[in-house]
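All remarks here apply to the structure that follows.
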Amino acid sequence: MINISFPDGAVRQYESGVSAMDIAKSISEGLARKVLVAGVNDEVWDLSRPITQDSSLKLFTWNDAEGKNTFWHSSAHLMAEAIEAKFPGVKFWVGPPLEHGFYYDIDLGDNKITEEDLAELEKKMNELAKQNNAYIRTEKAKADAIQYFTTKGDEYKLDLLQNLEDGNITFYTQGNFTDLCRGPHIPNTGFIKAIKLLNIAGAYWKGDEKNKQLTRIYGITFPVQKELDEYLNMLEEAKKRDHRKLGKELSIYTMNDDIGQGLILWMPNGTVIIEELEKLAKQTEEDAGYKRVVTPHIAKENLYLTSGHLPYYADSMFAPMEMDGEKYYLKAMNCPHHHKIFDAEPKSYRDMPYKIAEYGTCYRYEQSGELFGLMRVRCLHMNDAHIYCTKEQFAQEFKAVNDLYLKYFKIFGIEKYVMRLSLHDPEKLGQKYVNEPELWLETEDMVRQVLIEANIPFVEVKGEGAFYGPKIDVQIWSAIGREFTLATNQVDFAQPRSFKLSFTNQNNEPEIPLIIHRAPLGTHERFIGFLLEHYAGKFPVWLAPLQVKILPISDKFLDYAHTIKQTLRKASVRVEIDERQEKIGKKIREAELARVPYMLVVGEKEAAENKLSVRRQGKGDAGQIAVDEFVQNIVEEISERKPLE
RNA sequence: GCCGUUGUAGCUCAGUGGUAGAGCACUUCCUUGGUAAGGAAGAGGUCGUGAGUUCAAUUCUCAUCAACGGCUCCA
């Protein structure tokens, strides 16, 4: 007999060789129907695998991450079975679960798969699922496994086998499909009740663009149809708040083939938002002791050789223009320009920290396939600033920048983000990162300490640092789930040296400063793209392109409407009148759809008493109010940058 | 850049080997209406671009550009 301990602390005895499924059945039939996979001594196991020694046991269902992962991984095998049935001889790489669903990477050989095939594959999968085929685990000797895949001519599985230890190699079979697989799997295909294959994509083998491109098929499955319907519905809803859709609907920005890929044309509505953001940035930065500067959009080649950008990032810069034997580049970053301003006049420790800020226009030649609405573009306007400081000042200054982020995020109500401490990768020193191993470790620790002392939760990720130093990135997700860096706060120990920047310290000796690069509001492009999705187009009043729409009941009240408009204009409120000869219902509908925060209905009653009927976007009629009182309220709401309630 | 999909009116989308249609938007007229679509008429497109096949191409083929879904990349 063996002892099995459960998460609640209970210990029960079973015969050696008992399976997790047997145990589940001994607890209740209901549980046995729901359980998908087991946790045995913190390892995830097949339910059917015999347990032969004292163990702790957890039973995972669809409600557990382990349950979902196993379910989706088993679904990937089911998809592979369907694909093999339709295209015999294709070779499989790996088929892991994802946060939502799964994929399988396949070498289709000469076969071609189109989106029309997906429906057919789904049908086949449903058929196979209904057969309730068990996922059967078999252990194999490495030599036998190699033999098996050599005969099959499957170089992909042979590649996987290279890294596996003998005695650790398992195959799984369900129906007619057998795959090299670590497992575990759900008991049988019958659990998979709802199937949707989402899309076909190319994916480089092992994620390296120098390798062959495999075909990747994404799918998702559920144990009940209703959950699939809900998931697909959720995807549809997410598309509705996609910034590209909202950006068009609300006339924020446009793009044009004659201008070029990734080059944003900001329309009047978008420009209002840009100007409000810049106003906020300027106020905040002035309060924090920054000075503003302006620098050109181009510079000579030598500048980027000095900064070290060119060797690392030439591919991401627009090709140079040659004039009078000089090469001029469009700037992809503002830092070197700012360094030249720092260096223009001698600095003393009394000048430090020296902070200069600019909404800098940068051009980056992003690969065409990477461009994505406002989130990834080729011309961007960066909320940039550089802080030149002493080593002693660094922690305080770096923390002040972090506090600035948090202050901004509070204004915008940004709560769903992850702070990422982005570090260098020691293996890529000298290639992707300047070769200063000790300075890396030292500055990385400085940044880490700032985060720890400020009690800000963060994750550390190797290989995400800038080439000149570690950084803190604020990661956010777009409506359709893509991850982006919204804002960044970076340390730079490399450029001060390459630009030979220095200040005179208290001992009258030259000293090299540290630089903090920071962009808490990121770029206008990405930030506004994010805000569109964050607010679902319903901007708070201070940011709204149009703040007030006056809706006269009929054109008899146009004069009164104009009087109100003048009053609001005097208070710098962005206001328009809907002068069309349309019914009030239609005027309201269109103002609602345009996400105008305040609609003012004016007719006979209002004109007689010098009042307004206020309607708030999405909230309906808010009743009558005196004109002066409304003006006072909205001015306060705007100047305090209040969020929508 | 690579794999796949798509490209018809300002927008959302039908459709066809014989030079095109709907709804909304737009213009004009009627209506002066009180909290999410009043009515009528009209105007608007060489069907992304270029080439090929054909008596004839928006439709078929190829190329190209762009957008979209991924991969790679992201200072």
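Quantities reported herein were computed from a predicted structural model and do not represent experimental measurements. Convention: sequence-line order gives letters A, B, ...; per-chain numbering from 1.
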Have a look at [X] and say if it touches a base, only the backbone sugar-phosphate, or nothing, with a 4.0 Å heavy-atom cut-off.
{"X": "A/K206", "value": "nothing"}
{"X": "A/K432", "value": "sugar-phosphate"}
{"X": "A/G207", "value": "sugar-phosphate"}
{"X": "A/R615", "value": "base"}

Rounding to an integer number of angstrom, what distance separates [N] and [M] when you compare their [atom1] atoms?
{"N": "B/G38", "M": "B/G45", "atom1": "C1'", "value": "30 Å"}
{"N": "B/A22", "M": "B/G15", "atom1": "P", "value": "15 Å"}
{"N": "B/G7", "M": "B/U49", "atom1": "C1'", "value": "11 Å"}
{"N": "B/U19", "M": "B/G23", "atom1": "P", "value": "23 Å"}
{"N": "B/U58", "M": "B/U8", "atom1": "C1'", "value": "7 Å"}
{"N": "B/U59", "M": "B/G48", "atom1": "C1'", "value": "15 Å"}
{"N": "B/G21", "M": "B/A9", "atom1": "C1'", "value": "10 Å"}
{"N": "B/U27", "M": "B/G10", "atom1": "P", "value": "15 Å"}

I'd like to check [X] versus [Y] (side-chain heavy atoms, cut-off strictly below 4.5 Å). Are they in contact?
{"X": "A/L250", "Y": "A/L532", "result": "yes"}
{"X": "A/E483", "Y": "A/V418", "result": "no"}
{"X": "A/M125", "Y": "A/M79", "result": "yes"}

Atom-pair distance ([atom1] on [X]; [atom2] on [N]), nearest Å:
{"X": "A/M375", "N": "B/G70", "atom1": "CE", "atom2": "P", "result": "13 Å"}
{"X": "A/E592", "N": "B/A37", "atom1": "CD", "atom2": "P", "result": "11 Å"}
{"X": "A/W93", "N": "B/C71", "atom1": "CH2", "atom2": "P", "result": "17 Å"}
{"X": "A/E366", "N": "B/A67", "atom1": "CD", "atom2": "P", "result": "13 Å"}
{"X": "A/I259", "N": "B/A67", "atom1": "CD1", "atom2": "P", "result": "13 Å"}
{"X": "A/D578", "N": "B/A36", "atom1": "CG", "atom2": "C1'", "result": "13 Å"}
{"X": "A/L235", "N": "B/C68", "atom1": "CG", "atom2": "C1'", "result": "15 Å"}
{"X": "A/Y103", "N": "B/U72", "atom1": "OH", "atom2": "P", "result": "8 Å"}

Counting heavy atoms not belonging to [X], are there more than 12 under 6.0 Å from its [atom1]?
{"X": "A/K86", "atom1": "NZ", "value": "yes"}
{"X": "A/K196", "atom1": "NZ", "value": "no"}
{"X": "A/E427", "atom1": "CD", "value": "no"}

Output a table of donor-acceptor pairs, distance under 3.5 Å, between side-chain atoms of residues 299-306 of chain A and any protein atom two or more places apart or on a different chain; print 'none' if there are none.
| residue | atom | partner | partner atom | Å |
| --- | --- | --- | --- | --- |
| A/T306 | OG1 | A/N302 | O | 2.9 |

Examine the base of B/C73 for any acceptor or donor lying under 3.5 Å from a partner atom in the side chain of A/R376, and report the outcome as yes or no.
->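 Indeed there is one.
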Validation: residues 252-263 of chain A side-chain donor-acceptor distances under 3.5 Å, sequence neighbours left out:
| residue | atom | partner | partner atom | Å |
| --- | --- | --- | --- | --- |
| A/N256 | OD1 | A/D258 | N | 2.6 |

Here RNA chain B, pairs taken as Watson-Crick or G-U under 3.5 Å and shown with ( ), [ ] when crossing and | when to another strand, reads (((((((..((((....[..)))).(((((.......))))).....(((((..]....))))))))))))....
Start with the C-alpha distance between A/F499 and A/F342, add both sets of side-chain angles, then the distance that settles ring-ring contact (aromatic ring centres under 6.0 Å, His included), and finish with yes or no.
-> CA-CA 10 Å; A/F499 277 93; A/F342 176 89; over 10 Å; no
List, one per line, each side-chain donor-acceptor pair under 3.5 Å for residues 358-370 of chain A, sequence neighbours excluded.
| residue | atom | partner | partner atom | Å |
| --- | --- | --- | --- | --- |
| A/E358 | OE1 | A/T295 | OG1 | 2.9 |
| A/E358 | OE1 | A/H338 | NE2 | 2.8 |
| A/E358 | OE2 | A/T295 | N | 2.9 |
| A/E358 | OE2 | A/T295 | OG1 | 3.1 |
| A/Y363 | OH | A/H297 | ND1 | 3.3 |
| A/R364 | NE | A/A332 | O | 2.8 |
| A/R364 | NH2 | A/A332 | O | 2.9 |
| A/E366 | OE1 | A/R376 | NH2 | 3.0 |

All salt bridge (charged side-chain N to carboxylate O under 4.0 Å, His left out) counterparts of A/E236, not counting sequence neighbours |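 Residues passing salt bridge (charged side-chain N to carboxylate O under 4.0 Å, His left out) with A/E236: A/K239.
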Comparing A/D621 and A/E464 on RNA chain B - which has the more 5′ nearest nucleotide |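 Residue closer to the 5' terminus by nearest nucleotide: A/D621.
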For A/Q617 and for A/D257, find the nucleotide of RNA chain B with the closest heavy atom, then tell me which residue's nucleotide is more 5'.
->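 Here A/Q617 is the residue nearer the 5' end.
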Take nucleotides 22-33 of chain B nucleotide by nucleotide from the 5' end and write B, S or -, depending on whether a protein heavy atom sits under 4.0 Å from the base, only from the sugar-phosphate, or from neither.
-> ---SS----BBB
Produce a footprint string for nucleotides 1-6 of chain B: one letter per nucleotide, 5' end first; B if the base is under 4.0 Å from any protein heavy atom, S if only the sugar-phosphate is, - if neither.
-> BBBSS-
Residues within residues 481-497 of chain A bordering RNA chain B, heavy-atom distance below 4.0 Å =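 Within this stretch, A/R482, A/Q490 sit under 4.0 Å of the strand.
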Would you jot down, in residue-number order, the residues of residues 594-612 of chain A having a non-hydrogen atom under 4.0 Å from RNA chain B?
->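 Here the set is A/V601, A/G603, A/E604, A/K605, A/E606.
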cation_pi([X], [Y]) dist<6.0 Å, angle<=45:
{"X": "A/K355", "Y": "A/Y290", "value": "yes"}
{"X": "A/R615", "Y": "A/Y598", "value": "no"}
{"X": "A/R526", "Y": "A/F484", "value": "no"}

Check whether any side-chain nitrogen or oxygen of A/Y218 sits under 4.0 Å from OP1 or OP2 of B/C71, and answer yes or no.
->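 For A/Y218, the contact criterion (side-chain N or O under 4.0 Å from OP1 or OP2 of B/C71) is met.
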Taking only distance into account, with no hydrogens and no angle test, what donor-acceptor pairs under 3.5 Å do side-chain atoms of residues 208-220 of chain A form with protein atoms, sequence neighbours excluded?
| residue | atom | partner | partner atom | Å |
| --- | --- | --- | --- | --- |
| A/D208 | OD1 | A/K210 | N | 2.9 |
| A/N211 | ND2 | A/W205 | O | 2.8 |
| A/K212 | NZ | A/D107 | OD1 | 3.4 |
| A/K212 | NZ | A/D107 | OD2 | 3.0 |
| A/R216 | NE | A/D105 | OD1 | 2.7 |
| A/R216 | NH1 | A/Y218 | OH | 3.3 |
| A/R216 | NH2 | A/Y103 | OH | 3.4 |
| A/R216 | NH2 | A/D105 | OD2 | 3.0 |

Residues that A/K91 engages under side chain to side chain donor-acceptor pair (under 3.5 Å), provided they are two or more places apart |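 Checked A/K91 against side chain to side chain donor-acceptor pair (under 3.5 Å); matches are A/E155.
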Exercise answer: donor-acceptor pairs, residues 549-558 of chain A side-chain atoms, under 3.5 Å, sequence neighbours excluded:
| residue | atom | partner | partner atom | Å |
| --- | --- | --- | --- | --- |
| A/S554 | OG | A/K556 | N | 3.2 |

Closest approach of A/F467 and A/W440, non-hydrogen atoms and distance?
->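 Taking A/F467 first and A/W440 second, the nearest heavy atoms are O-CZ2, 3.4 Å.
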